[in-house]
Each structure stands twice: as structure tokens, then as C-alpha cells.
Participant: 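Supplied in C-alpha cells, the structure appears directly below.
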Amino acid sequence: MYTQRQLEICMKSAYSYENRAGWEKEYLSVEQIGMVQRGERVYSLYEDSEGNYWYKLFFMTDHGLITEYEKIFGHPEKKELST
């Protein structure tokens, strides 16, 4: 279990979760380790099996957390359907 102070330190070396493939780390298992809030921004932090840190960005609204995509475009991102 991480303290808020430890999570803040992890944030300093965290990369965007969406870029895991670019770092060739998409195959590693990940575990959510906590969340850090900075104003309306909320970072969900993850640690992979090699000890790398990753974050997903959300925004706090009156209706709860929304993704960065939804904040920009006003609607949730459409998921591609597998055939």
C-alpha cells in the first residue's frame, strides 16, 4: 500500500498508460497502486511487473470522473467492436 507522499514521488517518473506500446511494455502485467488528485485532474497510477509507473488521466466533474477524451470532445470515446 502506497502513501499519498509515495504516490506523488511515483508520479514524477510515470508515463502515460496509452504509451506503453511505444515503450514496448504493453505485454507486462500492471496493478493499480492509487490515485493522485491535482485540482480537477485525477491521475490513476499503475505499476508494471518491471517496476515502471504509468498513469491514466481523468477529470473530476459534478457527475464523477470522466476521461480526458470525454473532457475534450464532450462524449465518451467509442470502442471498436471486434468481429
Side-chain angles (χ1 to χ4, degrees):
M1 179 117 145
Y2 288 80
T3 66
Q4 277 304 121
R5 180 165 164 66
Q6 289 170 320
L7 291 171
E8 289 284 350
I9 292 169
C10 293
M11 275 295 299
K12 292 178 182 179
S13 62
Y15 296 97
S16 173
Y17 194 93
E18 290 78 17
N19 292 325
R20 290 176 67 222
W23 289 96
E24 298 180 354
K25 304 295 183 186
E26 72 276 15
Y27 62 90
L28 298 174
S29 61
V30 293
E31 180 180 338
Q32 184 182 24
I33 60 171
M35 299 181 99
V36 172
Q37 185 168 354
R38 294 182 178 158
E40 69 174 357
R41 294 172 184 254
V42 178
Y43 298 88
S44 181
L45 279 167
Y46 300 82
E47 183 176 6
D48 69 26
S49 55
E50 287 186 348
N52 302 301
Y53 298 109
W54 307 92
Y55 68 86
K56 290 182 183 179
L57 177 59
F58 296 90
F59 289 85
M60 183 62 72
T61 70
D62 294 338
H63 304 289
L65 292 177
I66 61 170
T67 64
E68 183 176 26
Y69 184 96
E70 190 170 354
K71 172 85 171 166
I72 294 168
F73 297 105
H75 58 82
E77 188 172 6
K78 294 181 180 174
K79 305 289 182 194
E80 289 187 29
L81 298 176
S82 298
T83 54

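All of these numbers come straight from a predicted model, not from anything done at the bench.
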Participant: Measure the shortest side-chain to side-chain distance between Leu45 and Trp54 over non-hydrogen atoms and say whether it is less than 4.5 angstrom.
Facilitator: no
Participant: May I have the step-by-step check of ring-ring contact (aromatic ring centres under 6.0 Å, His included) for Tyr17 and Tyr46, ending in yes or no?
Facilitator: CA-CA 8 Å; Tyr17 194 93; Tyr46 300 82; 5.1 Å; yes
Participant: Can you establish whether the number of heavy atoms outside Glu31 located under 6.0 Å from its atom CD is more than 12?
Facilitator: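 Not buried by this count: 12 neighbours or fewer within 6.0 Å.
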Participant: Taking it one step at a time, do Glu77 and Thr67 satisfy side-chain hydrogen bond (donor to acceptor under 3.5 Å, both in side chains)?
Facilitator: CA-CA 9 Å; Glu77 188 172 6; Thr67 64; 6.0 Å; no
Participant: What residues form a salt bridge (Lys or Arg N to Asp or Glu O under 4.0 Å) with Glu8, not counting sequence neighbours?
Facilitator: Arg38
Participant: Without swapping roles, check the side chain of Arg41 against the backbone of Phe59 for a donor-acceptor pair under 3.5 Å.
Facilitator: no
Participant: Side chains of Asp48 and Ser29: does their closest heavy-atom pair fall under 4.5 Å?
Facilitator: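 Side chain of Asp48 against side chain of Ser29, heavy atoms only: no contact under 4.5 Å found.
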Participant: Do the side chains of Leu57 and Glu18 get nearer than 4.5 Å, heavy atoms only?
Facilitator: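 Answer no - side chains too far apart.
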Participant: Are any non-hydrogen side-chain atoms of Tyr2 and Glu47 less than 4.5 angstrom apart?
Facilitator: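 They are in side-chain contact.
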Participant: Is there a side-chain contact between Tyr43 and Met11 in this structure, where contact means two heavy atoms from C-beta onward sitting under 4.5 Å apart?
Facilitator: yes
Participant: If you measure from the Lys or Arg side-chain nitrogens to the Asp or Glu carboxylate oxygens, is any gap between Lys56 and Glu68 under 4.0 Å?
Facilitator: no
Participant: Which pair of non-hydrogen atoms, one from Gly34 and one from Leu7, has the smallest distance, and what is that distance?
Facilitator: CA-CD1, 4.0 Å
Participant: Just verifying a value: how many Å separate Cys10 SG and Tyr53 OH, rounded to the nearest 0.5 Å?
Facilitator: 4.0 Å
Participant: To the nearest 0.5 Å, what is the distance between CH2 on Trp23 and CD on Glu50?
Facilitator: 12.5 Å
Participant: Do any N or O atoms from the side chain of Arg20 and from the backbone of Leu28 form a donor-acceptor pair under 3.5 angstrom?
Facilitator: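 Indeed, once roles are kept as given, a pair shorter than 3.5 Å links the two residues.
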Participant: For the atom pair OG1 (Thr61) and NZ (Lys71), what is the distance rounded to the nearest 0.5 Å?
Facilitator: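 Between Thr61 OG1 and Lys71 NZ, I get 8.5 Å after rounding to 0.5 Å.
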Participant: Out of curiosity, does Val42 fall in the hydrophobic cluster containing Val36 (side-chain heavy atoms, cut-off under 4.5 Å, transitive links)?
Facilitator: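 Unlinked, Val36 and Val42 end up in two clusters.
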Participant: Could you tell me the separation between the CD1 atom of Ile66 and the CD atom of Glu40, rounded to the nearest 0.5 Å?
Facilitator: 8.5 Å
Participant: Measure across Gln32 and Ser44 and return the closest heavy-atom pair with its distance rounded to 0.1 Å.
Facilitator: NE2-OG, 2.6 Å
Participant: Side chains of His75 and Tyr69, heavy atoms from C-beta outward: is any pair under 4.5 Å?
Facilitator: yes
